[in-house]
Amino acid sequence: MPANPIFFAETKLPHQKNYSGAVFPAVLSPAAAAVEHSHNRPSVLTAAVKDHKPWLDSLLHRHGAVLFRGFDSVSTASDFNDVVEAFGYEELPYVGGAAPRTNVVGRVFTANESPPDQKIPFHHEMAQVPNYPSKLFFFCEVEPANGGETPIVLSHIIYDKMSEKYPDFVDKLHKHGLIYTRVLGEEDDPSSPIGRGWKSTFLTKDKAVAEERAAELNMKLEWTEDGAKMIMGPIPAIKYDETRQRKIWFNSMVAAYTGWEDKRNDPKKAVTFGDGNVLPENIMYDCLKILEDESVAIPWRKGDVLLIDNLAVLHSRKPFTPPRRILASLCK
């Protein structure tokens, strides 16, 4: 990966992977000339993005994820919002997602606000709904005291390994897809990683409007005494990445099966084959092991910005000791 000599220097990360000559993830830090070249500009990284957007896009396409580290000009949520805006990607409203989030400034939200002792399993962002983001930004505003890494993994690698090890299972996924089921309360439950209530999920207090918006997302709502059961699918578990010409493991299957658990939800009932048949438990946990084995855990430092291609990469979160504040932005 030839770094741009004016703004960027290629740096390393412990436990980086290498697939067919491409490191994963790519890691960029400011080159020595960056500060001087950006004299009188408000943000070195924002200036670099604006000046070298096509190169950065090609870098993201090749590597799947790019970590920007060491840009001292990015220290606040507002700085992060400026970086996101500089890329020029269209914003995606967070409709239909499960995680509790709070808007901070502009296009910037908190990442999943579930308790620090909880692990968030691997998933493609909003893979269970038709309108998912193509790109994700994460920003470290407050470095974790301990833990809290964000593991990432290339989706096509998982597809290849699962196809090789469990061809019949993958054939069933191709044929039937998946159905996801989640029980929502009326209001958000911050104690749960999937605790978003139906009102904030569909951005309305009107049940009729919620039903309309659910239908637009290929979802069905069944109202309960204190909330709603949301049924999603059948939807494909595997997609074809046209831009890279390869199949990807584009689903939240393992995340749902191992992590969609709270006082309302049983993870074993959260996802099935599209024909209603149960998923094999041994394969679910072996898939989780493959995801973990192939992943690279990003240890956060204050000011880090991580850009992820959501079609190429799954992500997760490890438990942590507070404080830790990671912000996010989703793009169409």
Side-chain angles (χ1 to χ4, degrees), residues 11-17 23-29 45 59-60 63-71 74-75 77 80 83-84 94 97-102 104 108-127 132-155 157-158 193-194 249-252 254-255 258-259 288-331:
T11 53
K12 300 294 183 184
L13 194 69
H15 314 300
Q16 263 176 308
K17 302 282 187 180
V23 295
F24 177 74
V27 184
L28 298 177
S29 293
L45 182 53
L59 197 73
L60 180 65
H63 298 271
V66 181
L67 175 66
F68 300 91
R69 170 163 286 177
F71 291 87
V74 186
S75 61
F80 173 49
V83 172
V84 173
Y94 189 58
R101 298 180 189 268
T102 303
V104 178
V108 174
F109 287 76
T110 56
N112 192 317
E113 295 176 337
S114 61
D117 62 336
Q118 296 185 9
K119 176 183 176 181
I120 298 174
F122 285 100
H123 60 287
H124 283 280
E125 191 67 32
M126 299 171 67
Y132 50 83
S134 67
K135 296 172 183 68
L136 318 172
F137 287 90
F138 293 105
F139 165 65
C140 180
E141 187 178 42
V142 179
E143 193 173 316
N146 185 53
E149 299 92 342
T150 295
I152 57 176
V153 62
L154 285 167
S155 190
I157 298 295
I158 305 306
I194 54 166
W249 194 253
F250 195 84
N251 59 70
S252 296
V254 170
T258 65
L288 175 59
K289 184 179 184 303
I290 292 170
L291 285 160
E292 291 174 342
D293 288 347
E294 294 297 326
S295 69
V296 177
I298 306 296
W300 289 108
R301 296 181 186 171
K302 179 174 173 55
D304 282 353
V305 174
L306 176 62
L307 172 57
I308 291 176
D309 185 326
N310 194 39
L311 276 172
V313 173
L314 302 96
H315 66 281
S316 65
R317 186 198 78 181
K318 291 189 176 185
F320 63 93
T321 302
R324 175 191 189 266
R325 184 170 165 89
I326 305 298
L327 305 179
S329 186
L330 310 182
C331 306

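Listed by chain and residue number, Phe122, Ser295, Ala297, Ser316, Lys318 satisfy the side chain to side chain contact (heavy atoms under 4.5 Å, CB included) test with Pro151 (two or more places apart in sequence, or in another chain). Scanning for ring pair (Phe, Tyr, Trp, His ring centres under 6.0 Å) contacts around His123 gives His315, with sequence neighbours left out. With sequence neighbours excluded, no residue satisfies side chain to side chain donor-acceptor pair (under 3.5 Å) with Thr258. Listed by chain and residue number, Arg101 satisfy the salt bridge (charged side-chain N to carboxylate O under 4.0 Å, His left out) test with Glu125 (two or more places apart in sequence, or in another chain). Scored by the side chain to side chain donor-acceptor pair (under 3.5 Å) test, Glu143 finds no partners at all (sequence neighbours excluded). Annotation: ring pair (Phe, Tyr, Trp, His ring centres under 6.0 Å) contacts of Tyr132 (sequence neighbours excluded): Phe250. The salt bridge (charged side-chain N to carboxylate O under 4.0 Å, His left out) check on Lys17 picks up nothing, with sequence neighbours excluded. Scanning for side chain to side chain donor-acceptor pair (under 3.5 Å) contacts around Glu294 gives Tyr19, with sequence neighbours left out. The side chain to side chain donor-acceptor pair (under 3.5 Å) check on Thr321 picks up nothing, with sequence neighbours excluded. Partners of Phe80 according to the ring pair (Phe, Tyr, Trp, His ring centres under 6.0 Å) rule, which considers only residues two or more places apart in sequence or in another chain, are Phe139. When the salt bridge (charged side-chain N to carboxylate O under 4.0 Å, His left out) test is applied to Asp117, no partner is found at least two apart in sequence or on another chain.
Atom CG of Leu45 and atom OG of Ser29 lie 10.5 Å apart (nearest 0.5 Å). Atom CZ in Phe24 sits 3.5 Å away from atom CD1 in Ile152 (nearest 0.5 Å). Leu307 contributes atom CG, which lies 12.5 Å from atom NE2 of His63 (distance to the nearest 0.5 angstrom). The line from CZ of Phe320 to CD of Gln118 is 10.0 Å long, rounded to the nearest 0.5 Å. Distance check: Ile158 CD1 to Leu291 CG gives 4.5 Å after rounding to the nearest 0.5 Å.
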Legend entry - Trace of the side chain to side chain contact (heavy atoms under 4.5 Å, CB included) decision for Leu136 with Leu330: CA-CA 5 Å; Leu136 318 172; Leu330 310 182; 3.5 Å; yes
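With a 4.5 Å cut-off on side-chain heavy atoms, Ile298 and Glu149 do not count as touching. For the pair Leu327 and Thr110, the minimum side-chain heavy-atom distance is below 4.5 Å. Side-chain contact check for Pro193 versus Arg317: every heavy-atom pair is 4.5 Å or farther apart. Between Thr150 and Ile326, the closest side-chain pair of non-hydrogen atoms is not below 4.5 Å. Contact of the Leu306 side chain with the Trp300 side chain is registered, since non-hydrogen atoms from C-beta on lie closer than 4.5 Å. Proximity of Val296 to Pro25: side-chain heavy atoms (C-beta onward) are separated by under 4.5 Å at one or more points. Contact annotation: the side chain of Val254 never approaches that of Leu314 to less than 4.5 Å [non-hydrogen atoms, C-beta and beyond]. Between Arg325 and Val104, the closest side-chain pair of non-hydrogen atoms falls below 4.5 Å.
Put simply, the side chain of Gln16 gets close to the backbone of Leu13: a donor and an acceptor are under 3.5 Å apart. Looking at Ser155, its side chain does come within 3.5 Å of a backbone N or O of Trp249 through a donor-acceptor pair.
Across every non-hydrogen atom of Cys140 and Pro144, the tightest pair is SG-CD, 4.4 Å. Taking both residues in full, the closest heavy atoms of Val84 and Ser329 are given as CG1-OG, 3.6 Å, listed atom of the first, atom of the second, then distance. Summarising the geometry of Val313 relative to Gly64, their closest heavy-atom pair is CG2-O, 3.4 Å, with the distance given to 0.1 Å.
Counting only residues at least two apart or on different chains, the salt bridge (Lys or Arg N to Asp or Glu O under 4.0 Å) pairs with a member in residues 300-315 are Arg69-Asp304, Arg244-Asp309.
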